[in-house]
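Keep in mind that what you see is a predicted model, and the values were worked out from it rather than measured. Naming convention: chains lettered A, B, ... in sequence-line order (proteins, then strands); numbering from 1 in each chain.
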Number of protein chains: 2
Amino acid sequence: MTTSHYNPRRHPPLEVAVDLVMLSVAQGRLDVLLVRRGAEPFESRWALPGGFVGEREGLEQAARRRLAQEAGVDPGQTHMEQLATYGAPERDPRTRVVSVAYLALARLALPPQAGSGAIDARWVPVGDAESDALELAFDHHTILRDGVERARSKFEYTPIATVLCGPEFTVAELRRTYEIMWGQELDPRNFHRKVTNAEDFIRPTGGTTTRHGGRPAQLYRAGRAVALYPPLLRDAHGESTSASQIAR
Amino acid sequence: MTTSHYNPRRHPPLEVAVDLVMLSVAQGRLDVLLVRRGAEPFESRWALPGGFVGEREGLEQAARRRLAQEAGVDPGQTHMEQLATYGAPERDPRTRVVSVAYLALARLALPPQAGSGAIDARWVPVGDAESDALELAFDHHTILRDGVERARSKFEYTPIATVLCGPEFTVAELRRTYEIMWGQELDPRNFHRKVTNAEDFIRPTGGTTTRHGGRPAQLYRAGRAVALYPPLLRDAHGESTSASQIAR
DNA sequence: GTGCTTATCGTCATAGTGACAGTAAGCACC
DNA sequence: GGTGCTTACTGTCACTATGACGATAAGCAC
């Protein structure tokens with residue numbers, strides 16, 4: 001931050017955009033919202049929803065605007081956090097674009113709207129989106145991977161999984177959310193114990209439901225904890241965690 | 001990412017800068033590198049080192065350039081990672097500046113260089129820098145707080161603490177690094193056990209040293225682990241961890 | 001009621017932790 | 001060369017958390 005550097009006119013314009021890794025669990029799948037581009041570059045390729053930041057617009061505000069535009073989700077029931085910023089000089093073939101990526105988690109996957117300029121918008125299983133077959137535009141493959149890893153990781157240490165459940169949910173529903181996010185089965189009995197023991201993770205409402213058959217299940221609401229103690233850990237640790245992904 | 005939005009000329013120029021939260025432990029203190037501004041805005045106020053991103057320059061590259069300019073540290077022995085991006089519309093009084101903050105950890109705190117436009121550069125104890133007395137420029141107070149919290153947190157789950165030690169170090173030296181970073185005393189015996197049990201955190205070199213008096217201590221080198229298992233946890237969890245800070 | 005489902009509680013061996021006792025091995029000083 | 005100082009390291013113990021899995025509870029269909 002030097003005198004010369006702070007003279008704005010001396011700098012070439014860089015564009016600042018936001019991109020959204022919007023995740024949802026539905027029908028037993030982890031889905032990400034993708035849009036199909038209607039123009040060059042990467043015309044007709046699938047991409048993360050995103051767009052440029054307005055002049056007087058905060059970054060998160062820009063991301064939320066996109067969220068409202070493309071995803072049929074309730075912004076009130078949506079968790080959103082900044083993921084990372086991607087600014088390789090050549091990531092956009094036309095001009096320099098620095099993109100601030102946001103991770104969003106929401107419950108309802110209503111049919112999405114193809115926003116302006118997009119010719120399609122769909123919830124796509126993360127497995128498909130991450131496969132090489134799809135070849136997302138720009139560096140969106142990397143952004144998506146980082147976003148998914150961040151979400152998986154946050155499931156361990158925070159109670160965000162509850163935003164992917166309804167306002168009232170059973171332990172089994174919460175467990176299935178974890179199973180879908182982590183792509184691994186969890187022991188129902190141990191999960192039940194950990195989730196009910198973790199400090200103020202979930203609170204019983206008093207009600208019960210039989211919507212999955214079998215013995216009636218207690219209904220719970222999200223508690224007030226912002227961090228899980230003790231945390232719920234994945235098997236993992238021997239796995240794909242690369243150094244750069246460990247951002248806490 | 002729509003047609004209209006991807007036409008660069010239709011957008012007002014936003015400036016993109018990088019800011020550096022450069023931390024170091026020296027003389028038993030956790031220090032952050034600050035520069036004193038030589039020009040408006042915030043003239044003569046202390047700020048994090050930073051600067052605008054060059055047209056063909058990657059974000060991390062820009063941050064590393066600043067690191068080399070202002071801090072007398074060996075880039076090879078420096079850990080650097082992206083922290084977060086700050087883009088509130090009014091964070092710079094003159095024009096819109098979106099700043100990508102980087103966290104850097106380095107071992108040697110040589111006397112820093114006041115870069116171009118800065119009239120001074122100093123290693124300042126983090127406690128002083130975080131106190132309201134100093135009133136850092138822009139939103140640098142927030143960035144600093146986020147950076148310090150990230151560093152403290154990464155000490156729990158990754159072996160980065162070793163970059164703040166020499167190439168060979170004793171368990172006690174590593175422990176003091178943790179104590180300084182976390183601002184809390186750790187039981188030497190338990191710390192020793194945990195650190196030597198954690199998978200490939202540190203490896204004995206075979207040598208010993210008596211540089212701190214007493215019984216000769218084993219010397220260690222950093223192992224190859226990228227994540228600590230099991231992790232070293234702070235007391236914390238009941239503490240200042242706000243929801244937004246829990247980014248893993 | 002029988003048999004199906006799912007929910008929930010209990011048990012047990014094992015791993016990790018904080019607190020802290022005890023031992024090892026240098027050095028300074030006499 | 002021993003005494004006492006320092007710091008390094010090993011060990012113990014009670015407690016908590018965990019994975020694996022057995023057992024029981026409580027609905028529904030027939």
Rounded to whole angstroms, how far apart are [atom1] on [X] and [atom2] on [N]?
| X | N | atom1 | atom2 | value |
| --- | --- | --- | --- | --- |
| B:E179 | D:dT7 | CD | C1' | 14 Å |
| A:N197 | C:dC9 | CG | C1' | 12 Å |
| B:I202 | D:dA8 | CD1 | C1' | 13 Å |
| B:L219 | D:dC9 | CG | C1' | 15 Å |
| B:R211 | D:dT6 | CZ | C1' | 16 Å |
| B:E185 | C:dG18 | CD | C1' | 15 Å |

I'd like a table of atom pairs between the protein and nucleotides 17-21 of chain D - only N or O on both sides, under 3.5 Å - with the distance next to each one.
residue : atom : partner : partner atom : Å
D:dG19  : OP2  : A:K194  : NZ           : 2.8
D:dG19  : N7   : A:R193  : NH2          : 2.9
D:dG19  : O6   : A:R193  : NH1          : 3.2
D:dA20  : N7   : A:N190  : OD1          : 3.4
D:dA20  : N7   : A:N190  : ND2          : 2.9
D:dA20  : N6   : A:N190  : OD1          : 3.2
D:dC21  : N4   : A:R189  : NE           : 3.4

task: Let me know which of A:R66, A:E60, A:Q61 forms a side chain to side chain contact (heavy atoms under 4.5 Å, CB included) with A:R64.
output: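 It is A:E60, the one option of A:R66, A:E60, A:Q61 that forms the side chain to side chain contact (heavy atoms under 4.5 Å, CB included) with A:R64.
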- request: Please work out which residues in residues 159-176 of chain A have a non-hydrogen atom less than 4.0 Å from an atom of DNA chain D and list them by number.
  value: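 Contacting residues: none.
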- prompt: Does B:E135 have any salt bridge (Lys or Arg N to Asp or Glu O under 4.0 Å) partners at least two apart in sequence or in another chain, and if so, which?
  reply: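 In terms of salt bridge (Lys or Arg N to Asp or Glu O under 4.0 Å), with neighbours along the sequence ignored, B:E135 is linked to B:R45.
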Identify the heavy atoms of [X] and [Y] that sit nearest to each other, and give their distance.
| X | Y | answer |
| --- | --- | --- |
| A:I143 | A:D19 | CD1-OD2, 4.3 Å |
| B:L23 | B:L164 | O-CD2, 4.4 Å |
| B:Y86 | B:D139 | CB-OD2, 3.6 Å |
| A:M181 | A:L105 | CE-CD2, 4.3 Å |

For a quick test of your reading: what N or O donor-acceptor pairs under 3.5 Å do the side chains of residues 212-224 of chain A make, sequence neighbours left out?
residue : atom : partner : partner atom : Å
A:H212  : NE2  : A:E173  : OE2          : 2.8

query: So, do A:L67 and A:Y102 sit near enough that their side-chain heavy atoms are less than 4.5 Å apart?
result: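 Result no, sub-4.5 Å side-chain heavy-atom pair not found.
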message: Need the pair for D:dC30. Rule: Watson-Crick or G-U wobble, both distances under 3.5 Å, any strand; none if unpaired.
response: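 Base-paired to C:dG1.
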field: D:dC9 phosphate, OP1 or OP2, under 4.0 Å from B:H192 side-chain N/O
entry: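 True: B:H192 side-chain N/O within range (under 4.0 Å) of D:dC9 OP1/OP2.
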- prompt: Taking the side chain from A:R36 and the backbone from A:A47, do they hold a donor-acceptor pair closer than 3.5 Å?
  reply: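 Looks like no, no N/O pair under 3.5 Å.
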field: Sidechain-backbone polar pair: B:W182 side chain, B:R152 backbone, donor-acceptor under 3.5 Å
entry: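 Yes: the side chain of B:W182 pairs with the backbone of B:R152.
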- prompt: According to the ring pair (Phe, Tyr, Trp, His ring centres under 6.0 Å) rule, which pairs have a member within residues 186-205 of chain B, sequence neighbours left out?
  reply: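 Non-adjacent pairs meeting ring pair (Phe, Tyr, Trp, His ring centres under 6.0 Å): B:Y178-B:F191.
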query: Could you run down nucleotides 24-30 of chain D 5' to 3' and tag each one B, S or - for protein heavy-atom contact under 4.0 Å?
result: -BBS---
